[in-house]
Amino acid sequence: MRLKYQWAVLGILGAVGFSAHAQSELKISGVLDAGIQNYKSANGNTVNRLQNGAFETSRMIISGSEDLGEGTKVNFMLELAPTVDTGDTSRFGFFNRNAWLGLSGKQWGEVRLGRYLTGSANLLCQVDLHWCGSGFNGTGIMYNGDLATVGRWISGSPGRGGNNNEGISVYSGGNGTAGSAESNRKNNAIQYVSPRISGFQGKLMYAMGELGKNPKNGSADHVDATLTYQNQNLFVGLGYAQVRPDPLWAAKGALTSLGGTYRFGALRVGAIYQYETASGTSAKWTRAKSWALTSAYRMGAFEPYLKLGQHRTNGTGAYGIVNGTDAFVVNLGTQYALSKRTSFYADFVTDLKGSDGNPAIYKNDTRSITVGMKHYF
């Protein structure tokens, strides 16, 4: 009798353990992308190279969740960006793309703690149609420039009046260490994501600079809020972001974004408009306007696309040029699907105004021609 009781207890414990295990989920996924590229910078240098993430950033995602019952879950994501050409990882940190832990519920939404993409960047990546793929080194319409030789295009966070990438929220939401020197993802962030109600969803993020309340330089805190609406064919989003000064860039800025996409059968189109303001002793411009148009058409295994857009400031620029066009980018190409997970691509992109106001030195149109392949796993 005791033996039967012991086996019954073990059976119950085993069933409970199996049930708890079944309620947890762990997933490894990602994409590997490599292309052969001919690249010319604005100073005229031309190079042939094997480019990692030429169309879409190579990445590996470790994600998971635990079901706590009654619709409540614990979620996490760790996302790194391996380089296919060298086997290295990003200079911005090991899990540079995503590193967060969160709690979600069906009725009230989700809270995340860690590092992730801003809501404004998420909005423009949807307008890009390829999730910020194609274009210059797989950044799509989020092209932030060829170092000091060109300007930038559409922004994932306020530029704070900067040229040459030096003012693109470089240390916002971070403490000056590797991993914070990037405009479109924020360290030390708290984000709330609402449930989708009648097609509407809101996101609110606050990233702490962790530098103290210095009255001269501020704390580099960053606030980002978006409201989106989505149905079967239509997506529309409005975003607002604000960033304070930090010890390395004594300027603050604000960014408003309005964009959306629509699907007409096999044709997808997108558009976005942005308005920026900046102020402070380091700001080289006080107002900036950006726009972009995107399109992609599915023809069997082929998907040709065309994207173009402009970023323009009102300031003096680095070389005294008033009302300078920092960038006017044209991007066209096609994808060819070998399967649901593997594709070839051919991509051409050029920046017709990427001289940063100094055509005497940077007098060439930056451009790249790339053929490559990508594989999802």
Side-chain angles (χ1 to χ4, degrees), residues 20-35 51-68 72-104 106 109-119 121-135 137-140 142 156 179 182 184-187 189 191 193 196 201 203 205 228 230 235 261 268 296 298 301 303 335-345 347 372-377:
H21 177 73
Q23 292 174 358
S24 298
E25 180 183 72
L26 179 64
K27 182 180 179 181
I28 297 177
S29 61
V31 59
L32 296 177
D33 181 302
Q51 182 67 28
N52 169 68
F55 185 96
E56 186 172 355
T57 303
S58 296
R59 55 192 181 271
M60 185 176 75
I61 302 170
I62 304 171
S63 60
S65 66
E66 181 187 10
D67 192 341
L68 302 180
T72 302
K73 292 184 178 181
V74 175
N75 311 298
F76 76 90
M77 178 179 287
L78 296 171
E79 183 179 7
L80 65 149
T83 56
V84 176
D85 53 341
T86 65
D88 205 349
T89 56
S90 172
R91 68 184 186 277
F92 295 121
F94 192 74
F95 292 113
N96 69 300
R97 296 184 59 82
N98 269 293
W100 57 264
L101 177 66
L103 187 69
S104 66
K106 289 184 178 180
E110 183 174 18
V111 175
R112 297 175 178 177
L113 307 174
R115 172 181 169 84
Y116 35 79
L117 198 68
T118 67
N122 189 293
L123 165 61
L124 66 92
C125 279
Q126 294 199 55
V127 174
D128 178 74
L129 303 181
H130 297 109
W131 198 251
C132 289
S134 74
N137 304 332
T139 52
M142 250 190 340
E182 184 182 6
N184 302 310
R185 292 176 176 82
K186 301 301 170 187
N187 291 346
Q191 184 182 56
V193 182
R196 190 168 294 280
Q201 184 177 53
K203 293 182 180 180
M205 186 196 77
T228 62
Q230 188 168 9
F235 167 81
T261 64
R268 294 183 297 153
R298 175 69 66 178
E303 187 188 49
Q335 296 189 88
Y336 179 79
L338 295 175
S339 68
K340 290 183 178 180
R341 297 192 300 163
T342 304
S343 299
F344 288 142
Y345 59 82
D347 184 85
M373 67 180 298
K374 58 179 180 174
H375 173 75
Y376 293 93
F377 60 89

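A distance of 7.5 Å separates SG of C132 from CG of L117, quoted to the nearest 0.5 Å. Here the CG atom belonging to L113 is positioned 9.5 Å from the CG atom belonging to L103, to the nearest 0.5 angstrom. The line from CZ of R185 to CG of N98 is 6.5 Å long, rounded to the nearest 0.5 Å. Within the model, atoms CG of N96 and OG1 of T89 stand 8.0 Å from one another, a figure rounded to the nearest 0.5 Å. Residue I61 holds its CD1 atom at 4.0 Å from OG of S29, rounded to the nearest 0.5 Å. Taken to the nearest 0.5 Å, the OG atom of S134 stands 9.0 Å off from the CG atom of L129.
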### Query
Yes or no on side-chain contact (heavy atoms from CB on, under 4.5 Å) for F235 and L123, after CA distance, side-chain angles and deciding distance?
CA-CA 10 Å; F235 167 81; L123 165 61; 3.6 Å; yes
### Task
List the steps, then state whether salt bridge (charged side-chain N to carboxylate O under 4.0 Å, His left out) holds for E25 with K27.
CA-CA 7 Å; E25 180 183 72; K27 182 180 179 181; over 6 Å; no
### Task
May I have the step-by-step check of side-chain contact (heavy atoms from CB on, under 4.5 Å) for Q23 and E66, ending in yes or no?
CA-CA 6 Å; Q23 292 174 358; E66 181 187 10; 5.8 Å; no
### Query
Given D67 and T72, is the side-chain contact (heavy atoms from CB on, under 4.5 Å) satisfied, shown in steps?
CA-CA 6 Å; D67 192 341; T72 302; over 6 Å; no
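Checked against side-chain hydrogen bond (donor to acceptor under 3.5 Å, both in side chains), Q201 has the following partners two or more places apart in sequence or in another chain: R196. Partners of R268 according to the salt bridge (Lys or Arg N to Asp or Glu O under 4.0 Å) rule, which considers only residues two or more places apart in sequence or in another chain, are E303. Scored by the salt bridge (Lys or Arg N to Asp or Glu O under 4.0 Å) test, K203 finds no partners at all (sequence neighbours excluded). Taking Y376 as the reference, nothing meets the ring pair (Phe, Tyr, Trp, His ring centres under 6.0 Å) condition, with sequence neighbours excluded. For Y345, the side-chain hydrogen bond (donor to acceptor under 3.5 Å, both in side chains) test picks out D33, with sequence neighbours left out. Residues that satisfy the side-chain hydrogen bond (donor to acceptor under 3.5 Å, both in side chains) test with S58, not counting sequence neighbours, are N52.
The two residues N75 and S65 have their closest heavy-atom pair at OD1-CB, 3.2 Å. When every heavy atom of L80 is checked against every heavy atom of P82, the shortest pair comes out as O-CD, 3.4 Å. Between V127 and T261, the shortest heavy-atom distance links the atoms CA-CG2, 3.7 Å. The two residues M373 and F344 have their closest heavy-atom pair at CB-CD2, 3.5 Å. The shortest non-hydrogen separation linking R59 to F377 is O-CZ, 3.9 Å. Closest heavy-atom contact between A34 and V84: CB-CG1, 4.0 Å.
Counted by atom type alone, Q51 and D85 present zero donor-acceptor pairs between their side chains at under 3.5 Å.
Enclosure of atom CZ in F76 by more than 12 non-hydrogen atoms of other residues, nucleotides or ligands within 6.0 angstrom is indicated. Within a 6.0 Å radius of CE in M60, other residues, nucleotides and ligands contribute 12 heavy atoms or fewer.
No side-chain donor-acceptor contact under 3.5 Å links S343 to the backbone of Q335. Between the side chain of D128 and the backbone N or O of G133 there is at least one donor-acceptor pair closer than 3.5 Å. Judged by distance alone, the side chain of R97 and the main-chain N or O of Y116 form no donor-acceptor pair under 3.5 Å.
In this structure, Q126 and W131 have side chains that are in contact, with non-hydrogen atoms separated by less than 4.5 Å.
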